[in-house]
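Read through the structure below, which is laid out as structure tokens, and then see the notes.
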Amino acid sequence: MTFRTRFAPSPTGPLHLGHAFSALTAFDMAQAAGGTFLLRIEDIDSTRSRPEWERQIHDDLRWLGLDWPEPALRQSDRLPAYRAALDSLWSQGLLYACSCSRRDIAEAASAPQEGAPLIGPDGPVYPGTCRGKPRSGPLPEGALRLDMARAMERLGPADITFTETGARTAPQVTARGMIDTVGDIVLSRRDFPGSYHLSVVLDDAAQQITHVIRGEDLFDATPIHVVLQRLMGLPTPGYHHHRLIRDEHGKRLAKRDDARALATYRAEGATPQDIRRLVGF
Ligand code: GLU
């Protein structure tokens with residue numbers, strides 16, 4: 001099996017040093033393994049994604065010396081695949097429509113009888129308000145959630161785990177753990193027939209990714225991805241979650257942090273070698 005990995009930025013702002021570290025780590029690992037590095041544009045957030053940021057991603061990565069087969073996969077071109085997956089999960093009774101707002105969820109999750117609200121990798125664990133909605137008929141419009149208890153029942157008693165080659169040890173999450181601490185995650189959003197979790201899993205499979213290399217901020221999302229892979233009969237790649245690049249206060253860099261944008265360093269005359277040094281290669 002040849003090594004295939006990807007870098008999957010969202011075109012919602014300039015790439016910064018953290019992105020450079022992630023892209024270079026994936027690219028170098030692919031080179032070392034004689035494999036392939038791919039680019040994927042994660043533009044499901046249509047309100048924040050911009051073509052100019054997408055162009056800048058290509059430009060910055062080429063400047064860094066990275067190379068990938070064109071065209072890059074773009075999530076906004078993948079709607080039929082996401083829809084087909086949702087259709088299939090819906091017809092198996094694993095999804096339900098959810099009309100709760102963030103506020104409804106926060107209120108229900110912090111009701112006195114609920115104890116302290118549980119925070120999962122996707123924010124507050126969904127309290128299940130809409131779980132009883134009918135699950136027959138055509139795929140409903142609007143937000144859809146995965147019924148995690150049903151999903152775990154379908155998958156049987158084996159723990160959820162994966163192969164991790166980064167700094168942390170892969171967890172062994174029990175079915176109970178998935179239900180109680182992750183809960184009914186969103187698989188389709190009101191404004192887009194898909195969600196980060198659904199699209200990332202389908203796209204990694206479509207791009208035949210053998211190794212997912214990404215920041216450790218996504219470590220806790222990985223068991224969700226493994227559950228979705230198992231439900232949809234997709235292979236589970238190996239995972240490598242790398243350290244995050246932080247600012248001098250220890251805070252992880254964000255898109256709005258223009259001072260550390262690659263474009264700023266370029267404009268100031270930095271070379272790709274300077275960037276490698278700055279992120280600790
Ligand atoms: N699009 C995600 C991000 O920019 C990365 C997703 C992934 O690598 O799985 O943080």
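In each ligand, atom 1 is the first atom listed, and ligand 1 is the first ligand listed.
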With Arg168 as the cation and Phe219 as the aromatic partner, state whether NZ or CZ is under 6.0 Å from the six-membered ring centre and within 45° of the axis. yes
Answer side chain, backbone, both or neither: which part of Tyr196 comes under 4.0 Å from ligand 1, heavy atoms only. side chain
Taking a cutoff of less than 4.0 Å between a non-hydrogen atom of the residue and any ligand atom, is Arg6 in contact with ligand 1? yes
State the atoms of ligand 1, each with its element, that fall below the 4.0 Å cut-off from a heavy-atom position in Ser10. 1 (N), 4 (O)
Check for a donor-acceptor pair, side chain of Thr222 on one end and backbone N or O of Leu218 on the other, with a separation under 3.5 Å. yes
Could you give all pairs that pass the salt bridge (charged side-chain N to carboxylate O under 4.0 Å, His left out) test and reach residues 151-160, with sequence neighbours left out? none
Part of Asp217 within contact of ligand 1 (heavy atoms, under 4.0 Å): neither
Any sub-3.5 Å donor-acceptor pair from Arg150's side-chain atoms to Gly93's backbone N or O? yes
Short side-chain to backbone donor-acceptor contact, Thr264 and Arg260, under 3.5 Å: no
For ligand 1 and Glu42, I'd like to know whether there is a polar contact (N/O to N/O, distance under 3.5 Å). yes
Heavy atoms only: which of Val201, Leu218, Thr12, Leu15 lies closest to atom 10 (O) of ligand 1? Leu218
Within a 6.0 Å radius of atom CD on Glu70, are there more than 12 heavy atoms belonging to other residues, nucleotides or ligands? yes
Can you list the ligand 1 atoms lying under 4.0 Å from a non-hydrogen atom of Val200? 9 (O)
